[in-house]
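Read the structure below first, then the notes.
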2 protein chains.
Amino acid sequence: MLRLSTKGQYGVRAMYEIARGYPATPVTIKEISERQDVSVAYLEQILNKLRKAGLIKSIRGPGGGYILNRSADKISIASILNELEGPVALTSCLEPEGGCVRIDSCVTHLLWKALGEQVEAFLKTITLKNLMAGDFYALGGTAKKEMRRPVRLKPQSQP
Amino acid sequence: MLRLSTKGQYGVRAMYEIARGYPATPVTIKEISERQDVSVAYLEQILNKLRKAGLIKSIRGPGGGYILNRSADKISIASILNELEGPVALTSCLEPEGGCVRIDSCVTHLLWKALGEQVEAFLKTITLKNLMAGDFYALGGTAKKEMRRPVRLKPQSQP
DNA sequence: TAAAACCCTACCGTTTTTGTCAAGTATTAT
DNA sequence: ATAATACTTGACAAAAACGGTAGGGTTTTA
């Protein structure tokens, strides 16, 4: 469940490559394509969106390519995915346009909302810099035990 | 991004209705259908899976219906969604069968893995009982501020 | 002025989702 | 017994989303 589209995945990986050239070296689509094994045409679509969103800027002509529009520690994974896949909205009710007729009677509404916020908060915390530095690996290792109870509910009355 | 399928959504809502009858009153598909506004035929598919998974059991014949197989505080949202949508796997790499060729070189692999674990942990914490009791609303209200930093990364060196 | 490189939009095959339909089988109240 | 209730199962189909491809631009610079 909860699959991330390839667009989002490729987008983050592309941003990673672009970040590696920052601030001096523009990275071409072709280079990204080769390093991350994604077609040029598909990358064009993805990078176009990211450029319009102001996350990267492009330099045309020979010697051109893409560079970050701000430093890597100022670009969160959330901001990348938001542009490519829209905001986290686990149900159609929670989409910006809304449109849920039964919010009041819907028991699960707040559940999905809370989960969405949890995810968004997580992704906001992590930046391209984290991804590059690999201070990320802590999550898979030492922090694992901690991660087993990341939720703050009122204490449950369970024996 | 990250849409939950209707099967998962309806499944949780159906379980909620069944939980309301626990332990004395079997709840019929028709009742669930009316209360949650989901077609009987579709519910049949969903409840079938949940029954095979041992979350509920069915009682046939007149007066029959579905009842929980164990108490509501022993059934997590995660267990429901897992049966209906499979485990959280944000990328195909992370599916049980695996199949990722480039794990070593994939910078984002651990990121998606960590996020998936975060989500799963969240859903495991919340039970049908929480959903019914509404001690859930804390998440939308008071706990909101807390939820803005649910991630435990090593402190980032950001000024 | 030509090559490098980005820019844009349309389209299309496949898969997944979201169900419906039809024909069962089991159980029990009467 | 038997009719009514209710679950069980598998096939199938419309519609949406996904995952790209194709092919034509435009801009910049060596």
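We name chains A, B, ... by the order of the sequence lines, and we start the count at 1 in each one.
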Each nucleotide in nucleotides 9-24 of chain D should get exactly one letter: B, S or -. Can you fill that in based on protein heavy atoms under 4.0 Å? B-B-------BBB-B-

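For a distance-only test at 3.5 Å, the side chain of A:R60 qualifies as a donor-acceptor partner of the base of D:dT26.
Defined by atom type and a distance below 3.5 Å, a donor-acceptor pair is present between the side-chain atoms of A:S5 and A:E85. For the residue pair A:N82/A:S79, the side-chain donor-acceptor check at 3.5 Å is not satisfied.
Counting to the nearest Å, the P atom of D:dT8 and the NZ atom of B:K30 are 18 Å from each other. Remark: P of D:dC7 and CG of B:L43 are 10 Å apart, rounded to the nearest angstrom. A:I59 has its CD1 atom 11 Å from the C1' atom of D:dT28, to the nearest Å. Rounded to whole Å, the distance from CG on B:L50 to C1' on D:dC7 is 14 Å.
On the nucleic acid side, DNA chain C contacts chain A at distances under 4.0 Å to non-hydrogen atoms, with the end points of that region at C:dA4 to C:dA10.
Using a 4.0 Å heavy-atom distance criterion, A:I29 is classed as a sugar-phosphate-only contact.
B:I29 and B:I67 are not part of a single hydrophobic cluster, where members link through side-chain heavy atoms under 4.5 Å apart.
B:R35 places a side-chain heavy atom less than 4.5 Å from the side chain of B:V27.
Only at 4.0 angstrom or more do the heavy atoms of residues 15-28 of chain B sit from any atom of DNA chain C, so none qualifies.
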